[in-house]
Structures are given as structure tokens and as C-alpha cells.
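To start, the structure under review is shown below, and the notes come after it.
In what follows, every heavy atom counts, from backbone to side chain, and hydrogens, waters and symmetry copies are set aside. As the structure is a computational prediction, the values presented were derived from the model and not from experiment.
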Amino acid sequence: MIYSKEELLEAKRQIDSTLHKLQEVVSTLEGKETPARYQSQITLAKHRIQAFTIAMSLIERELEQRPR
């Protein structure tokens with residue numbers, strides 16, 4: 001599927017926002033008095049961060065390959 005430059009830029013913006021929120025979640029949960037209690041949520045958030053980071057990289061690559 002072919003996406004427009006605007007669609008890719010909007011997706012990148014949305015992913016960036018979500019990444020920021022997930023990083024805050026991880027910080028908050030790791031800062032709790034008993035972070036081990038939240039380990040599954042921490043792990044899930046970290047896996048999502050990794051997935052969104054990959055998506056951002058692919059979007060950036062797609063944008064770089066487009067003619068200017």
C-alpha cells in the first residue's frame with residue numbers, strides 16, 4: 001500500500017506521542033515502591049516501545065526515500 005507524505009508524517013507524529021506516554025508509564029511504574037508488582041505491565045510497555053521505535057524507523061526510511 002502506498003501512503004501519502006502527509007499520512008506518514010501524521011503517523012510519525014502519533015507514534016512519537018504514544019512513545020512519549022509509554023516512556024512515562026515505564027518511569028512511573030519502575031518508580032513505584034514495589035516495581036516487581038508491576039513487572040508484567042512494565043514488560044508490555046517496553047515491548048510496545050520497541051515496536052513503535054521500529055515503526056518510526058520504517059516511516060523515516062520511507063520518507064527519506066521519497067523524491068523531494
At what distance, to the nearest 0.5 angstrom, does [atom1] of [X] lie from [atom2] of [Y]?
X: R48; Y: T43; atom1: CZ; atom2: OG1; result: 12.0 Å
X: L8; Y: I59; atom1: CG; atom2: CD1; result: 6.0 Å
X: K12; Y: S57; atom1: NZ; atom2: OG; result: 10.5 Å

*Step by step, work out the salt bridge (Lys or Arg N to Asp or Glu O under 4.0 Å) result for E64 and R61.*
CA-CA 5 Å; E64 288 172 2; R61 184 187 315 164; over 6 Å; no
*E7 side-chain N/O to S4 backbone N/O, donor-acceptor pair under 3.5 Å*: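 Present.
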*Counting only N and O atoms by type, is there a donor-acceptor contact under 3.5 Å from the side chain of T34 to the main-chain atoms of R37?*
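Such a contact is absent between T34 side chain and R37 backbone.
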Which atom pair, heavy atoms only, marks the closest approach of [X] to [Y]?
X: P35; Y: I42; value: O-CD1, 3.8 Å
X: I15; Y: F52; value: CG2-O, 3.6 Å
X: R66; Y: K5; value: NH1-N, 3.5 Å
X: I49; Y: T53; value: O-OG1, 2.7 Å

[X] with [Y], same ILVMFWY side-chain cluster at under 4.5 Å:
X: L44; Y: L19; answer: no
X: L22; Y: L58; answer: no
X: M1; Y: I54; answer: no

*Salt bridge or not for K46 and E30, using N-O below 4.0 Å?*
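Here K46 pairs with E30 in a salt bridge, since their nearest N and O are under 4.0 Å apart.
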*asked:* Any carboxylate oxygen within less than 4.0 angstrom of a Lys/Arg side-chain nitrogen, looking at R13 and E10?
replied: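 Result for this pair is yes, salt bridge flagged.
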